[in-house]
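Hydrogens, waters and symmetry mates are skipped; everything else that's a heavy atom, side chains included, is used.
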Number of protein chains: 2
Amino acid sequence: MSKKKSRYAPTLNDVARESGVSAITVSRCFRHPEKVSDAVRKRVMETVEKLGYVPNSAASALASRRTDVIGLLLPSLNNNVYLDVVSGAFDRAHGTRHAIQIGNHKYSPLEEEKLIRIFLQQNPAGLIVAGGEQTEAATEMLREADCRVVQIMDTDVDPIDLVIGLDHERAAGEAVAGLLARGYERIGFLGARMDTRSQKRLAGYRRVIGDSGGEERIATSPMPSSARLGAQLLADLFARYPDTDAVFTNNDDIALGAYLECQRRAIRMPEDFGIVGFNDMDLLEELNPSLSTVRTDRYRMGHDSVDRLIALADTARPEGAAVLDLGHACMWRGTTREA
Amino acid sequence: MSKKKSRYAPTLNDVARESGVSAITVSRCFRHPEKVSDAVRKRVMETVEKLGYVPNSAASALASRRTDVIGLLLPSLNNNVYLDVVSGAFDRAHGTRHAIQIGNHKYSPLEEEKLIRIFLQQNPAGLIVAGGEQTEAATEMLREADCRVVQIMDTDVDPIDLVIGLDHERAAGEAVAGLLARGYERIGFLGARMDTRSQKRLAGYRRVIGDSGGEERIATSPMPSSARLGAQLLADLFARYPDTDAVFTNNDDIALGAYLECQRRAIRMPEDFGIVGFNDMDLLEELNPSLSTVRTDRYRMGHDSVDRLIALADTARPEGAAVLDLGHACMWRGTTREA
DNA sequence: ACCGTGAATGATTGCGCTGTCATTGGCAAT
DNA sequence: ATTGCCAATGACAGCGCAATCATTCACGGT
């Protein structure tokens, strides 16, 4: 046993010799099992078990010009929203031969373009990109890509193969309309890290407020979301619009901050003030009163996009791109009055 | 030209031809830049830029029997604790040629063993494993592995190359001792998902309670942590020990649940009841009163383990394994009295 | 008996890169 | 001038696998 090298790692050839078949037959047992007779496959698989053979993915990738890697490009890893996506993606990939490779571009389109180039160069089995803020070059690469691409989070992006997301503008609009329906009249918007999705939520807020003839009351910050920032934004909003009686927030972190700021100011919820968050993080349902919010199914976005990519792997680009709207659900809970 | 294919993807040879050097020299510019003269390297790198060349990692891995992948084996992806580790690991790997490959074994040692086998077979640049609950076979594989292994989270594991973590038993003991020092006398323990780390925290609780001559008051559940479960566990504890005046909890989710249950029961914190959580999730500092907890540096565990692995890649197993204790910090905040 | 058919299996080749060893040439010490 | 040495660069082979094409063989229809 040398100090280095897992030297006895068996190869395809070892398995083939041991099972009395040719190497390619062993290969087929993994890649195209339907092309091998049951008897042979069983024998080969027993040898595989016995020797502890694990295919060398580098060799496989080199020979077939195709890896089993599904790339998952995200704008952040500091956010529960994306953790849910990751979790769904990994759950679906688990037990398949596919691996998920995460890339984090930190909301930088240039960084994203770089990652897309690197990922595509490795011939992935598929690619999942979050959000539709790519550079032109990146979009072009995705269009030309030799693998299927799933765009997640938003539905209103320029589709390539498949889009799985929701309509943030509509979801926000519905939440704000729900506040109006519940008798709140002077509704504000709190938002942090105003990326495109946040912009869309703001647009939904504006549309509904505009339609209702109400006044826009907006407090935003380019900083990343946090509860602390949420409290500051609400304080800011109150400073400018003291009679605000409800807020719709960009996400649940901000909502929690606003919620706690209300508690500090002894503002009664839902009687005198309403809050609606966005995303439905588990924790916040437990508060008293519990937080009203808009539920989005991030787990399923991750899960289903991997599911579709596995199904679509090795297929040609479909004629028309499909858009899967997973929708949303307004969860009216304790921080808003009854309708 | 086939119907698809990132067709003009340039290879090493293209770069070599274009720069007027041999292929191996281009290779060296990437793998061993110090062995190439500055002039040549500059010229080659310009060509690389010009052609948009990206090395084919499969070919590189096959030829060198070494990938640039650092495996990160985690017991869960539904938990902020591990998200922080992931985040730190990705941040450190960003911009290097190394990629992080996550594996999620969902607290199953058998699954972990399988993942370790698969990962090692790909000749990773390094491996990070969380927790010390491996099967014997898994431990053996890690010991024989042809790459450096970093064990994170705990410090009291049987070390292989490098351990980066903290002493959960000690941290818990300190937290409980802190509660005693703050005048709480009938202290309970709430715990969910009693994995080894939770067991260690429980052991720390027991030690300190035992030393103080107090009575053990323990409510645990095998279920995954959640705020809801925390509330239930506290209710359970009160049912059995109505005079409990403080709890140390397994983690912050449980602590939040206990906190909210106290609010529902109108129990005053910190006067009549103390709570100390574990992990220091950002959100909970914002509560009123803010949650006392034990801060642990998960981000740094992820970050530093990648950092060390990059430094140690291609080195032999060191003689003595090193243990890096990142320590912890008891954050005495609003849910506990002054000392 | 003959052929055609198709399922099962095998032989060959090369994917793109890097380890190894060989070669070149410049320079300091003799 | 000669030697030895080292830095810089190159030629070649082969990593482990799968695409491609070739071969074998059983079987049913005529």
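When rounded to the nearest whole Å, the span between CG of Asp68(A) and C1' of dA18(D) equals 12 Å. Protein atom CZ of Arg43(A) is 14 Å distant from nucleotide atom P of dA8(C), rounded to whole Å. Nucleotide dA18(D) holds its C1' atom 13 Å from the CZ atom of Arg66(A), rounded to whole Å. One interatomic measurement links the two molecules: NZ of Lys35(A) to P of dG10(C), which rounds to 15 Å at whole-angstrom precision.
The environment of CD in Glu319(B) is sparse: at most 12 heavy-atom neighbours from other residues, nucleotides or ligands sit within 6.0 Å.
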What string of B, S and - do you get for nucleotides 13-18 of chain C, 5' to 3', if B is base contact, S is sugar-phosphate-only contact and - is no contact with any protein heavy atom under 4.0 Å?
-BBBBB
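For the ring-ring contact (aromatic ring centres under 6.0 Å, His included) test, residues two or more places apart in sequence or in another chain that qualify with Phe30(B) are Tyr53(B). With sequence neighbours excluded, the residues that form a side chain to side chain donor-acceptor pair (under 3.5 Å) with Ser22(A) are Thr25(A). For Asp91(A), the salt bridge (charged side-chain N to carboxylate O under 4.0 Å, His left out) test picks out Lys106(B), with sequence neighbours left out.
Screening residues 128-161 of chain A for ring pair (Phe, Tyr, Trp, His ring centres under 6.0 Å) gives no qualifying pairs among residues at least two apart or on separate chains. Residue pairs meeting the ring pair (Phe, Tyr, Trp, His ring centres under 6.0 Å) criterion with at least one partner in residues 101-160 of chain A, sequence neighbours excluded, do not occur; the list is empty. Residue pairs meeting the ring pair (Phe, Tyr, Trp, His ring centres under 6.0 Å) criterion with at least one partner in residues 63-89 of chain B, sequence neighbours excluded, do not occur; the list is empty. The salt bridge (charged side-chain N to carboxylate O under 4.0 Å, His left out) contacts involving residues 150-164 of chain B comprise Arg143(B)-Asp158(B), Arg148(B)-Asp161(B), Asp154(B)-Arg197(B), Asp154(B)-Lys200(B), Asp156(B)-Lys200(B), Asp161(B)-Arg317(B), where partners must be two or more places apart or lie in separate chains.
When each of Val323(A), Asp325(A), Leu324(A) is checked for a side chain to side chain contact (heavy atoms under 4.5 Å, CB included) with Val163(A), only Val323(A) meets the rule.
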Protein-nucleotides 22-26 of chain C N/O pairs under 3.5 Å:
none

Pairs: protein N or O with nucleotides 22-28 of chain D N or O, under 3.5 Å:
none

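Recorded end-axis angle for the helix from dA1(C)-dT30(D) to dT30(C)-dA1(D) stands at 30°, based on five pairs per end and rounded to 10 degrees.
Of the side-chain N and O atoms in Ser37(B), one or more sit less than 4.0 angstrom from OP1 or OP2 of dT9(D).
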Between side-chain atoms of residues 124-136 of chain A and protein atoms elsewhere (two or more places apart, or another chain), which donor-acceptor pairs fall under 3.5 Å?
| unit_1 | atom_1 | unit_2 | atom_2 | d |
| --- | --- | --- | --- | --- |
| Glu133(A) | OE2 | Thr196(A) | OG1 | 3.1 |
| Gln134(A) | NE2 | Glu112(A) | OE2 | 3.0 |
| Gln134(A) | NE2 | Gly131(A) | O | 3.1 |
| Thr135(A) | OG1 | Glu113(A) | OE1 | 2.7 |
| Thr135(A) | OG1 | Ala138(A) | N | 3.0 |

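For the residue pair Thr67(A) and Gln122(A), no side-chain donor N or O sits within less than 3.5 Å of a side-chain acceptor on the partner.
Asp14(B) and Lys50(B) are not joined by a salt bridge, as no carboxylate oxygen comes within less than 4.0 angstrom of a charged side-chain nitrogen. We find that Asp307(B) and Arg300(B) are not joined by a salt bridge, their nearest charged nitrogen and carboxylate oxygen being 4.0 Å or further apart.
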